[in-house]
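FYI, side chains are in, hydrogens and waters are out, and symmetry mates aren't considered; it's all heavy atoms of this structure. Residue numbers start from 1 in every chain, and the chains themselves are labelled A, B, ... in the order their sequence lines are given, proteins ahead of strands.
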Amino acid sequence: MNITLPDGSIRELEQGSTGLDLASSIGAGLAKAALAVTVNGIQKDLNDPINEDSKVSIITIDSDDGLEIMRHTLTAQVLARAVKNLFPGTKLAIGPTITDGFYYDFEFKKAISPEDLDSIEKEMKKIISSNSLITKKLNTKEEAIEIFKLEGEPYKESIINDSEQEDGFQLYYQDDFKFVDLCRGPHIPSLKHIGAFKLLKIAGAYWKGDSNNKMLTRIYGTAWKNEKDLSAYLDRIEEAEKRDHRKLGKEMNLFHFQEEAPGMVFWHPDGWTIYRLLESYMRSNLELCGYKEIKTPQVLDRKLWEASGHWDKYRENMFITEIDEEHANEKRVNALKPMNCPCHVQIYNQGLKSYRDLPLRLAEFGSCHRYEASGTMHGLMRVRGFTQDDGHIFCTEEQIESETGLFIELLSRIYKDLGFEKFDIKLSTRPEIRVGSDEVWDKAEDALESAIKNLGLPYKLEEGGGAFYGPKLDFVLTDAIGREWQCGTFQADFNLPERLDAEYVGEDGSKHRPVMIHRAILGSFERFIGVLIENYSGKLPFWLAPVQVAVATIISDADEYANEIITKLSEVGIRCNADLRNEKISYKVREHSSTKVPVIIALGKREQENRTVSIRRMDSDKTETYELEEAIKILSEENTRPN
RNA sequence: GCUCAUAUAGCUCAGUGGUAGAGCACUUGCUUGGUAAGUAAGAGGUCACCGGUUCAAGUCCGGUUAUGAGCUCCA
């Protein structure tokens with residue numbers, strides 16, 4: 001038979017030859033390095049026979065595929081076995097690879113602790129040092145179930161039972177046949193191919209990812225070709241931790257949280273400065289794009305939420321308030337608003353609207369509260385009290401497409417201004433819990449899909465991910481540590497206008513329902529500021545830095561000059577602080593550098609006498625010296641907000 | 001919400017059932033200096049909260065709250 005290699009060359013091998021035979025025929029080095037093969041696009045074990053003319057490529061540790069196969073063997077054959085050796089009676093669930101590593105889910109008889117990871121690692125190294133070969137046996141469903149029954153592995157049984165295939169279940173063994181794991185393979189041919197690894201953490205995870213199921217114990221690990229790659233990876237993690245917005249927020253004194261208000265931000269002066277700068281930037285952009293800003297109440301009667309559908313579909317996320325009857329003679333149930341949309345419809349509904357009023361774009365920096373499950377909160381990224389850069393566009397069905405285009409144009413520009421060049425779009429369709437008929441959902445989904453298609457933008461489909469009132473386009477940014485954050489959103493809603501009775505008079509003189517588009521660009525100020533901090537490692541662009549310039553004296557004789565500079569900088573709108581403390585300049589430089597002040601002006605005898613300033617910029621140890629007036633001009637020119 | 005872990009000075013963290021600790025920060029003195037930590041002294045604590053075991057609890061046990069990692073969820 002003929003085997004075609006990736007470079008197009010063809011080799012003739014006997015029928016039934018294996019990947020290993022092929023590798024050997026090419027070279028002894030390759031035979032040694034080969035981990036598995038890809039036969040006609042499907043990964044196979046190195047010892048699987050190849051029975052017909054095929055395109056074959058040999059996988060080594062140097063490819064992503066090879067790395068992944070090694071990680072897979074490490075978790076399924078080594079981690080799982082080590083755990084069973086040390087903790088007999090532990091039941092195995094599943095052990096896949098993930099980005100940069102792997103995990104395995106176990107049901108332990110007795111909970112283990114992170115300290116146990118060391119001993120598990122040692123046991124893994126012991127297993128690896130056997131240099132055992134990995135062999136595979138194929139079994140029918142019945143045989144496989146029988147084997148795992150004997151092994152006492154109910155999760156494996158359940159996986160096999162739920163599988164549609166009838167035979168060809170792959171069971172992998174090591175030399176001593178004392179350990180077996182079910183696996184769709186392939187595995188590396190021998191444990192000697194395992195590279196450098198480290199177990200990272202343990203955490204709970206539901207069986208099959210369903211919160212109704214039992215919570216298993218998951219062990220996470222990472223594995224690489226060699227020690228060098230491993231330590232590079234560990235450095236990368238450490239680097240990422242350094243830019244955690246919670247850590248930087250504390251160091252830069254931007255905000256804090258406390259027990260009495262979990263998930264709600266206490267903004268400190270510098271943090272609030274960033275917030276206000278971002279808000280005013282957004283405000284002017286929205287005004288330019290034809291939005292009218294409004295402000296609506298925080299606490300509203302349950303009746304409105306019943307009408308909007310929130311009471312039914314969203315109540316578990318709402319803060320409900322009751323008036324204390326002992327001290328007030330009114331009995332009323334209110335809710336803190338979790339969304340602004342019903343309020344916006346109330347404003348729309350004031351006064352009769354004509355088709356000439358559409359599209360009507362209402363914007364609100366809307367402060368919302370949502371009762372998020374306690375385990376989901378995460379710094380500024382996921383909070384219970386937050387402010388959306390919210391807006392609702394009331395328009396006709398025909399206007400959806402042009403509004404989508406205008407919105408994406410605005411969003412792209414704003415993301416770019418704020419330092420994000422790239423974003424992904426997701427189209428999320430009807431969820432299980434929803435209001436409105438299927439016909440209305442068909443219409444809304446079609447409208448969004450055709451708008452995004454006509455704009456020629458790539459998007460991913462996310463079935464069932466929509467809001468309860470309508471489908472949506474979500475705009476997802478990737479932050480500096482690779483996490484994705486859903487920020488912008490654009491949701492077509494045919495339901496709320498109906499439920500809250502919004503209408504307009506059409507050209508034909510009769511009444512029609514407008515479509516309502518819910519949209520946000522930043523999503524929430526809180527989350528977006530968190531993303532900004534991580535993206536910039538706290539080193540915000542000049543226009544967004546809460547303190548832009550620190551004026552630090554070297555000798556106390558320069559105090560007066562420092563105050564003069566502060567006054568002049570303030571006059572041109574630069575946010576600056578004087579640091580007149582009795583400290584050495586290097587101490588002051590260190591402190592202002594660690595709080596990420598972009599410009600430090602140091603004033604000594606020289607500057608004072610010549611009326612100059614020397615400027616030191618973030619991440620540079622050089623200084624630039626200018627005449628005072630020139631320096632102010634330069635800094636003032638730099639202090640320009642985008643747009 | 002679930003699993004596991006954590007909670008000690010403003011911050012970062014030690015602390016072995018028997019008198020509460022360090023570094024930094026803070027205050028005061030000395031020091032007036034040239035670009036990432038001058039120097040000395042002082043002050044600073046209901047060891048998250050509630051209960052239990054014990055002659056004795058920061059330490060052991062139970063509960064509560066918050067936080068962290070992950071899971072589930074995420075308008």
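Where pairing requires Watson-Crick or G-U contacts shorter than 3.5 Å, the helical stems of RNA chain B with at least three consecutive pairs are B:1-7 with B:65-71, B:10-13 with B:21-24, B:26-30 with B:38-42, B:48-52 with B:60-64.
Inspection of the A:Tyr275 and A:Glu526 side chains reveals no N or O donor paired with an N or O acceptor under 3.5 Å. In this model, a donor atom of one side chain and an acceptor atom of the other lie less than 3.5 Å apart for A:Thr489 and A:Asp474. A donor and an acceptor atom, one from each side chain of A:Lys472 and A:Thr429, are nowhere located under 3.5 Å apart. At a cut-off of 3.5 Å, with distance as the only test, a side-chain donor of A:Ser537 or A:Arg243 sits close to an acceptor on the other residue.
Side-chain atoms of A:Arg246 lie closest to B:A69 of the nucleotides B:C73, B:A69, B:U67. Between B:C74, B:A37, B:G1, one nucleotide has an atom nearer to the side chain of A:Tyr371 than all others, and that is B:G1. For A:Ala111, the listed nucleotide lying nearest its side chain is B:C4; candidates were B:G34, B:U3, B:C4. In the set B:A36, B:U65, B:U35, B:U65 carries the atom at the smallest distance from any side-chain atom of A:Glu259. Out of B:U72, B:G33, B:G70, the shortest distance to the side chain of A:Ile554 is found at B:G33. Residue A:Ser614 places its side chain closer to B:G34 than to any other of B:G34, B:G70, B:G1. The nucleotide whose nearest atom lies closest to any side-chain atom of A:Met215 is, among B:A37, B:C71, B:A69, B:C71. Closest to the A:Ala205 side chain, of the nucleotides B:C71, B:U35, B:A69, is B:C71. Among the nucleotides B:A66, B:G38, B:G1, the one closest to the side chain of A:Pro262 is B:A66. Side-chain atoms of A:Ile555 lie closest to B:G33 of the nucleotides B:A69, B:G33, B:C4.
Between A:Phe106 and A:Phe108, the angle of the ring planes lies from 30° to 60°, which puts this pair in the tilted group. Classified by interplanar angle (parallel below 30°, tilted 30° to 60°, perpendicular above 60°), the ring pair A:His310/A:Tyr469 is tilted. A:His256 and A:Phe266 have parallel rings, their planes meeting at less than 30° on a 0 to 90° scale where 60° marks the start of perpendicular. Note: A:Trp272 and A:Trp267 have tilted aromatic rings, judged against thresholds of 30 and 60 degrees for the angle between ring planes.
Rounded to the nearest 0.5 Å, atoms CZ (A:Arg519) and OH (A:Tyr291) are 4.0 Å apart.
Between B:A69 and A:His378, a contact under 4.0 Å exists linking OP1 or OP2 to a side-chain N or O. Look at A:Lys201 and you'll find a side-chain N or O under 4.0 angstrom from OP1 or OP2 of B:G70.
Looking at A:Glu153 and A:Lys91, no side-chain N of the basic residue comes within less than 4.0 Å of a carboxylate O on the acidic one, giving no salt bridge.
Of the residues near RNA chain B, A:Gly379 and A:Thr623, the one whose nearest nucleotide (by heavy atom distance) lies more toward the 5' end is A:Thr623. Of the two residues near RNA chain B, A:Ser556 and A:Lys472, the one whose nearest nucleotide lies more 5' is A:Ser556.
Heavy atoms of A:Ala467 sit under 4.0 angstrom from primed sugar atoms or phosphate atoms, though from no base atom. A:Lys250 comes within 4.0 angstrom of the backbone, heavy atoms only, and of no base. When heavy atoms are screened at a 4.0 angstrom cut-off, A:Arg616 is found touching base atoms of the nucleic acid.
Judged by distance alone with a 3.5 Å cut-off, no donor-acceptor contact links the side chain of A:Ser593 to the base of B:U35. The base of B:C73 is paired with the side chain of A:Arg382 by a donor and an acceptor separated by under 3.5 Å. If you check distances only, the side chain of A:Glu607 does reach the base of B:G34 with a donor-acceptor pair under 3.5 Å. Under 3.5 Å, the side chain of A:Tyr206 and the base of B:G70 form no donor-acceptor pair of N or O atoms.
Spacing of P atoms, B:U64 relative to B:C4, comes out at 13 Å, to the nearest Å. B:A40 and B:U31 are spaced 15 Å apart, taking the P atom of each and rounding to whole Å. Separating the P atom of B:G44 from that of B:A9 is a span of 15 Å, rounded to the nearest Å. For the C1' atoms, the distance from B:U53 to B:C60 is 8 Å, rounded to whole Å. B:U12 and B:A25 have their P atoms separated by 15 Å, with the value rounded to a whole Å. B:A22 and B:G45 have their P atoms separated by 14 Å, with the value rounded to a whole Å. As rounded to the nearest Å, B:G17 and B:G58 have P atoms that lie 13 Å from one another. Between the P atoms of B:A20 and B:C47, the separation comes to 10 Å (whole Å).
Rounded to whole Å, atom P of B:U3 lies 16 Å from atom CD1 of A:Ile112. Atom C1' of nucleotide B:A69 and atom CD1 of A:Ile98 are separated by 13 Å, given to the nearest angstrom. Look at CG on A:Leu200: it is 16 Å from C1' on B:C4, rounded to the nearest Å. As rounded to whole Å, 13 Å separates atom P of B:C71 from atom CG of A:Leu216.
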Between N or O atoms, less than 3.5 Å apart, protein on one side and nucleotides 25-30 of chain B on the other: list the pairs.
unit_1, atom_1, unit_2, atom_2, d
B:A25, OP1, A:Tyr587, OH, 3.0

Would you check, one step at a time, whether the test salt bridge (Lys or Arg N to Asp or Glu O under 4.0 Å) holds for A:Arg611 with A:Glu627?
-> CA-CA 6 Å; A:Arg611 290 191 60 80; A:Glu627 301 281 318; over 6 Å; no

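With respect to A:Glu372, the side chain to side chain donor-acceptor pair (under 3.5 Å) criterion is satisfied by exactly one of A:Arg384, A:Arg382, A:His378: A:Arg382.
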